[in-house]
K.L.:
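Shown below is the structure under consideration.
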Amino acid sequence: MRMSKLVGRRLKEDPKDAKTVSHQYLLRGGYMRMVSTGIYSLLPLGQRIVAKIEEILREEMNAIEGQEVLMPVVLPAELWEESGRYQVVGAELLRFKDRNEKPMLLGMTHEEAVVHMARTEITSYKQLPAMLYQIQTKYRDEARARGGLIRCREFTMKDAYSFHVNQEDLEKYYERAHQAYVNIFRRVGMNNVVSIEANSGMMGGKVSHEFIAVADCGEDTIILAEDGTYRANCEIATAAWLFTKEAEQALEKVHTPGKKTIEEVAEFLAAKPENTGKAVFYQDAKTGQLVFAVIRGDFEVNEVKLQNLTKIAELKFADDATIKAAGCEPGYASPIGINKKNIVIVVDRSVVESSNLIVGANEADYHYKNFNFERDLGAADVLIADIATVRDGDPATTTGAPLRLSRGIEVGNIFQLGTRYSAAMGCNYLDQNGKSMPMVMGCYGIGVGRAMASVIEQNFDEYGPIWPITIAPYEVQICALDPKKPGISETSEKFYSELTAAGLEVLYDDRGEKAGFMFNDADLIGIPFRLIVGARNLAEGKIELKIRGEKDSRLVDISETVELIKQLVAAEYEKFR
RNA sequence: CGGGGUGUGGCUCAGUCUGGCUAGAGCGCUGCGUUCGGGACGCAGAGGCCGGAGGUUCAAAUCCUCUCACCCCGACCA
């Protein structure tokens with residue numbers, strides 16, 4: 001490709017709205033343009049990268065017996081009504097009506113569509129297991145798109161769905177899919193991706209893993225043990241907290257004027273936050289059901305754990321009126337004397353296993369000292385569970401190694417769905433005994449554009465992205481410096497045709513711009529190998545070879561250049577096998 | 001959905017508070033010339049209903065009302 005004809009200009013200044021590195025470089029390098037909030041067009045350079053990522057995805061999916069299909073973007077609402085998700089999912093699902101007033105939607109994920117396919121095509125245990133996948137457009141009407149391709153509304157996703165005769169077979173396949181994902185992220189050049197246990201949320205099913213590209217701009221918080229033995233999303237992470245019991249002391253009511261927060265109360269009573277208990281009121285956003293959570297003062301309630309435990313889809317902080325209606329005093333709420341009727345009470349292990357805590361007195365300006373769970377509240381009608389948020393430095397459950405918080409981008413997600421969809425939608429097969437059974441399903445997703453952005457987040461310098469050769473838009477770039485000088489243009493053209501003939505993908509900067517101008521553009525395009533044809537070196541029979549991401553360049557004999565590049569490119573690919 | 005902010009050539013912005021000349025700058029773009037190894041320079045050009053609609057005024061990018069769009073923080077996120 002000749003640069004003089006390449007569509008997609010590079011920008012000298014950072015676009016004002018781009019905050020993350022990948023967003024800035026994708027715009028500045030001329031890889032993509034925004035068309036509307038969270039909706040982007042890919043320019044030729046971006047599309048070339050995406051096509052290469054997709055090819056790697058196909059290879060890895062095919063390697064685990066995947067069969068590529070293509071399902072529609074526009075789906076009838078009735079299909080989603082079968083699974084129940086038409087009602088459950090909120091405004092992110094874009095709904096509309098066709099000319100006959102028939103309710104339709106834009107697919108945000110394709111469990112329903114693939115079940116529709118599987119239940120008509122697969123009828124016998126002899127056809128199982130089977131895996132179907134597609135690389136296709138998804139639409140999610142995000143409340144807030146951000147970060148360019150990191151979180152957008154329309155995006156390309158590789159989504160795969162597997163069907164099995166039983167849970168055991170699913171689990172075996174799930175392991176293979178997990179390994180395929182590890183391969184994919186290595187091959188596209190993400191050098192720091194961890195798979196972690198995750199909350200399966202509305203997808204249903206129990207076991208799920210997220211693949212997280214560790215990057216500061218990430219939206220997810222993940223918990224990693226320093227020795228690598230524990231990895232989990234902070235939403236479900238736990239730790240080997242140690243609590244100690246002491247001799248119980250008598251309950252004592254104390255005056256704590258104006259002291260509301262844990263810190264204020266603890267300081268006022270010359271205690272530490274871990275000597276206190278914290279009471280937090282939540283309510284079901286839909287039904288209003290009140291939930292009373294008690295946890296030690298030095299912990300924070302993990303709302304995702306609480307939601308999973310109480311099976312409430314959406315929790316919010318309870319308002320003061322609701323709290324008062326339940327007979328409690330906001331700010332001084334107490335587990336002592338609480339009316340257990342009509343309130344879901346959840347007590348964290350930290351409170352159950354500690355002694356003599358300071359808690360509210362359910363009366364303004366008063367607290368109790370020496371609260372002990374068994375004696376003062378009791379386990380009857382109380383849920384005892386781990387609802388604590390892991391803190392930096394907490395000990396891992398595996399080895400006790402300190403846990404650390406990191407930020408990351410969710411680049412892949414795999415679920416063991418079970419029969420959540422197949423049972424609801426009649427996706428059955430006949431087993432050996434002629435008995436109709438629901439298929440056991442798994443699903444496996446990777447966002448293609450997000451993967452491209454994440455590669456940048458892990459491979460860049462102050463000048464631009466540094467593409468791994470496996471997904472670089474081109475393998476070699478030729479910069480013809482001052483092409484009017486004798487020999488420059490001829491030599492560059494010769495390299496261009498010879499390298500292209502050798503099967504290499506070459507971007508040829510034939511524009512005759514100033515050297516610095518071309519170098520800066522080349523850095524933004526981030527191609528691994530760069531040949532610089534200039535008068536100075538040409539007089540010596542030499543060509544400069546610069547490897548993107550390396551500081552120094554080297555001189556190569558003209559006669560050896562083509563052969564050397566072929567070898568270097570081949571060797572570079574080997575690194576990603 | 002809360003809170004904050006921004007809309008002026010392709011891009012980044014000034015001008016708005018305090019209304020008034022032909023609406024500006026840098027980058028980019030076109031032509032000519034000089035340059036030529038890390039974003040050169042000169043000359044000459046093209047390109048704007050100042051987000052939109054109403055209003056106030058002799059006069060509106062600027063003041064008022066309404067509206068739309070976008071960004072950031074939070075909530076949400078299969």
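Order of the sequence lines sets the chain letters (A, B, ...), proteins ahead of strands, with each chain counted from 1.
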K.L.:
Any strand is fair game: report the nucleotide pairing with B/U62 by Watson-Crick or G-U wobble, both distances under 3.5 Å, or none.
P.N.:
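None - no nucleotide pairs with B/U62, as no candidate has both distances under 3.5 Å.
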K.L.:
Of the nucleotides B/C76, B/A78, B/G38, which one has an atom closest to the side chain of A/Phe415?
P.N.:
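Shortest atom-to-atom distance from the side chain points to B/A78.
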K.L.:
Counting primed atoms plus P, OP1 and OP2 as sugar-phosphate and everything else as base, spell out the protein contacts along nucleotides 3-13 of chain B at 4.0 Å heavy-atom distance: B, S or - for each nucleotide, 5' to 3'.
P.N.:
---S----BSS
K.L.:
Determine the Euclidean distance between corresponding C1' atoms of B/A59 and B/C41; express it in Å to zero decimal places.
P.N.:
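It works out to 42 Å between them.
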K.L.:
Going by the rule salt bridge (Lys or Arg N to Asp or Glu O under 4.0 Å), which residues pair with A/Glu68 if we only count those two or more places apart in sequence or in a different chain?
P.N.:
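Counting only residues at least two positions away or on another chain, A/Glu68 forms a salt bridge (Lys or Arg N to Asp or Glu O under 4.0 Å) with A/Arg58.
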K.L.:
Give every donor-acceptor pair under 3.5 Å between a side-chain atom in residues 71-78 of chain A and any protein atom, sequence neighbours left out.
P.N.:
none

K.L.:
Compute whether any side-chain donor of one residue and acceptor of the other, for A/Gln134 and A/Asp159, lie under 3.5 angstrom apart.
P.N.:
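A/Asp159 and A/Gln134 do have a side-chain donor-acceptor pair below 3.5 Å.
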K.L.:
Would you give me the side-chain donor-acceptor pairs under 3.5 Å for residues 86-96 of chain A, sequence neighbours excluded?
P.N.:
from	atom 1	to	atom 2	distance (Å)
A/Arg95	NH1	A/Tyr86	O	2.7
A/Arg95	NH2	A/Val89	O	2.6
A/Arg95	NH2	A/Gly90	O	3.0

K.L.:
Give the residues of residues 478-490 of chain A touching RNA chain B, defined as any heavy atom closer than 4.0 Å, sorted by residue number.
P.N.:
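Hits under 4.0 Å, by residue number: A/Leu481, A/Asp482.
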K.L.:
Could you state the atom-to-atom distance from CZ of A/Phe517 to C1' of B/G28 in whole Å?
P.N.:
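To the nearest whole Å, that distance equals 8 Å.
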K.L.:
Using the P atom as the point on both nucleotides, what is the distance between B/C68 and B/A53, in whole Å?
P.N.:
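The same atom, P, in both gives a distance of 15 Å.
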K.L.:
Using atom P of each nucleotide, how far apart are B/C50 and B/G9 to the nearest Å?
P.N.:
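Those two atoms are separated by 10 Å.
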K.L.:
Please say whether more than 12 non-hydrogen atoms of neighbouring residues, nucleotides or ligands are located less than 6.0 Å from NZ in A/Lys494.
P.N.:
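Result for NZ/A/Lys494: open.
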K.L.:
Using a 4.0 Å heavy-atom cut-off across all strands, classify A/Lys138 as base, sugar-phosphate, or nothing.
P.N.:
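Nothing, no heavy atom under 4.0 Å.
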K.L.:
Rounded to the nearest Å, what distance is computed from the NZ atom of residue A/Lys12 to the P atom of nucleotide B/G38?
P.N.:
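After rounding, the gap between these two atoms is 14 Å.
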K.L.:
Taking only the side-chain heavy atoms of A/Met34 (C-beta and beyond), determine which of B/A75, B/C71, B/G28 contains the nearest atom.
P.N.:
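So the nucleotide nearest the side chain must be B/C71.
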K.L.:
Expressed as a whole number of angstroms, how long is the span from A/Asn520:CG to B/C36:P?
P.N.:
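Rounded to the whole Å, the gap is 19 Å.
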K.L.:
Side-chain donor-acceptor pairs under 3.5 Å in residues 518-529 of chain A, sequence neighbours left out?
P.N.:
from	atom 1	to	atom 2	distance (Å)
A/Asn520	ND2	A/Gly516	O	2.8
A/Asp521	OD1	A/Arg10	NE	3.4
A/Asp521	OD2	A/Arg10	NE	3.1
A/Asp521	OD2	A/Arg511	NH1	3.1
A/Asp521	OD2	A/Arg511	NH2	2.9
A/Asp523	OD1	A/Arg530	NH2	2.6

K.L.:
Using the salt bridge (charged side-chain N to carboxylate O under 4.0 Å, His left out) rule, collect all pairs that involve residues 212-223 of chain A, keeping only residues at least two apart or in two chains.
P.N.:
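Found A/Arg146-A/Glu219, A/Arg151-A/Glu219.
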K.L.:
May I have the list of side-chain donor-acceptor pairs in residues 447-459 of chain A shorter than 3.5 Å, sequence neighbours left out?
P.N.:
from	atom 1	to	atom 2	distance (Å)
A/Arg450	NE	A/Ile150	O	2.7
A/Arg450	NH1	A/Glu410	O	2.8
A/Arg450	NH2	A/Ile150	O	3.0
A/Ser454	OG	A/Arg450	O	2.7
A/Glu457	OE2	A/Ser22	N	2.9
A/Glu457	OE2	A/Ser22	OG	2.7
A/Gln458	OE1	A/Asn191	N	3.2
A/Gln458	OE1	A/Asn192	N	3.3
A/Gln458	NE2	A/Asn192	O	2.9
A/Gln458	NE2	A/Val214	O	3.1
A/Asn459	ND2	A/Gly189	O	3.2
A/Asn459	ND2	A/Val455	O	2.8

K.L.:
Can we say A/Glu111 and A/Arg85 salt-bridge, meaning some charged N sits less than 4.0 Å from an Asp/Glu carboxylate O?
P.N.:
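Yes.
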K.L.:
Using whole Å, what does the distance between atom C1' of nucleotide B/G38 and atom CD of A/Glu462 come to?
P.N.:
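That distance rounds to 11 Å.
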K.L.:
Reckon A/Arg28 touches a base, only the sugar-phosphate, or nothing at all at heavy-atom distances under 4.0 Å?
P.N.:
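A/Arg28: base contact, heavy atoms under 4.0 Å.
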K.L.:
Which base sits across from B/C41 as a Watson-Crick or G-U pair, both distances under 3.5 Å?
P.N.:
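Pairing partner: B/G33.
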K.L.:
Could you tell me whether the side chain of A/Asn413 and the main chain of A/His209 form a donor-acceptor pair under 3.5 Å?
P.N.:
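Checked: pair present.
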K.L.:
Starting the side chain at C-beta, find the nucleotide from B/C76, B/A78, B/G38 nearest to A/Lys546.
P.N.:
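Looking only at heavy atoms from C-beta outward on A/Lys546, the closest nucleotide is B/G38.
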K.L.:
Starting at CD of A/Gln307 and ending at C1' of B/C77, how long is that distance when rounded to a whole Å?
P.N.:
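It is 12 Å, rounded to the nearest whole Å.
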K.L.:
Rounding to the closest angstrom, what is the interatomic distance between B/U62 and B/U56 at atom C1'?
P.N.:
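Result for the C1' pair: 13 Å, nearest Å.
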K.L.:
Go through B/A78, B/C70, B/G38 for me and flag the one nearest to the A/Asp523 side chain.
P.N.:
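For A/Asp523, the side-chain atoms sit closest to B/G38.
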K.L.:
Between A/Leu524 (CG) and B/G28 (P), how many Å, whole number?
P.N.:
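That distance rounds to 14 Å.
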K.L.:
Of all residues at least two apart in sequence or in a different chain, which pass the side chain to side chain donor-acceptor pair (under 3.5 Å) check with A/His110?
P.N.:
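Expected list: A/Gln136, A/Lys138.
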K.L.:
Distance check: side-chain N/O of A/Lys19 vs OP1/OP2 of B/C72, anything under 4.0 Å?
P.N.:
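For B/C72, OP1/OP2 do not have a side-chain N/O of A/Lys19 under 4.0 Å.
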K.L.:
For nucleotides B/G4 and B/C58, find the distance between their C1' atoms and express it as a whole number of Å.
P.N.:
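So the two C1' atoms sit 39 Å from each other.
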K.L.:
When the P atoms of B/C13 and B/G51 are compared, how many Å lie between them, rounded to an integer?
P.N.:
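Those two atoms are separated by 15 Å.
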K.L.:
Scan every strand shown for a Watson-Crick or G-U wobble partner of B/C11, both distances under 3.5 Å, and answer none if you come up empty.
P.N.:
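Partner of B/C11: B/G26.
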K.L.:
Distance between the P atoms of B/A40 and B/G2, in whole angstroms?
P.N.:
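Per the computed distance, 49 Å lies between those P atoms.
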K.L.:
For B/C1, which nucleotide is its Watson-Crick or G-U wobble mate, given both distances must be under 3.5 Å?
P.N.:
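Paired with B/C1, as far as the under-3.5 Å criterion goes, is B/G74.
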K.L.:
Taking B/A46 as the reference, what is the distance to B/G26 when you measure between their P atoms (whole Å, please)?
P.N.:
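About 16 Å, rounded to a whole number of Å.
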K.L.:
Nearest of B/A78, B/C77, B/G38 to any side-chain atom of A/Arg151?
P.N.:
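Side chain of A/Arg151 sits closest to B/C77.
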K.L.:
Where each residue is assigned the nucleotide of RNA chain B containing its nearest heavy atom, which of A/Arg140 and A/Thr37 is assigned the position nearer the 5′ end?
P.N.:
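First, find each residue's nearest nucleotide; the 5'-ward one identifies A/Thr37.
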K.L.:
My understanding is that a pair needs two contacts under 3.5 Å, Watson-Crick or G-U wobble. By that rule, which nucleotide pairs with B/A46?
P.N.:
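Answer to the pairing question: none, since B/A46 forms no Watson-Crick or G-U pair.
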K.L.:
Measure NZ/A/Lys316 against P/B/G2 and give the value in whole Å, please.
P.N.:
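Roughly 14 Å, once rounded to whole Å.
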K.L.:
May I ask which nucleotide in the shown strands pairs with B/A69, Watson-Crick or G-U wobble, both distances under 3.5 Å?
P.N.:
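Looking at the geometry, B/A69 pairs with B/U6.
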K.L.:
Look at the side chain of A/Trp80 and decide which nucleotide, out of B/A78, B/A40, B/C71, has an atom nearest to it.
P.N.:
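Looking only at heavy atoms from C-beta outward on A/Trp80, the closest nucleotide is B/A78.
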K.L.:
Without decimals, in angstroms, what is the distance between A/Ile150 CD1 and B/C72 P?
P.N.:
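These atoms are roughly 13 Å apart.
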K.L.:
Can a side-chain donor-acceptor contact be found between A/Gln167 and A/Glu171 if the only test is distance below 3.5 angstrom?
P.N.:
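Yes, because at least one side-chain N or O of A/Glu171 sits under 3.5 Å from a partner of the opposite role on A/Gln167.
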K.L.:
So which nucleotide does B/U18 pair with, by the Watson-Crick or G-U wobble rule with both distances under 3.5 Å?
P.N.:
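Checking every strand shown, B/U18 finds no partner, since no pair has both distances under 3.5 Å.
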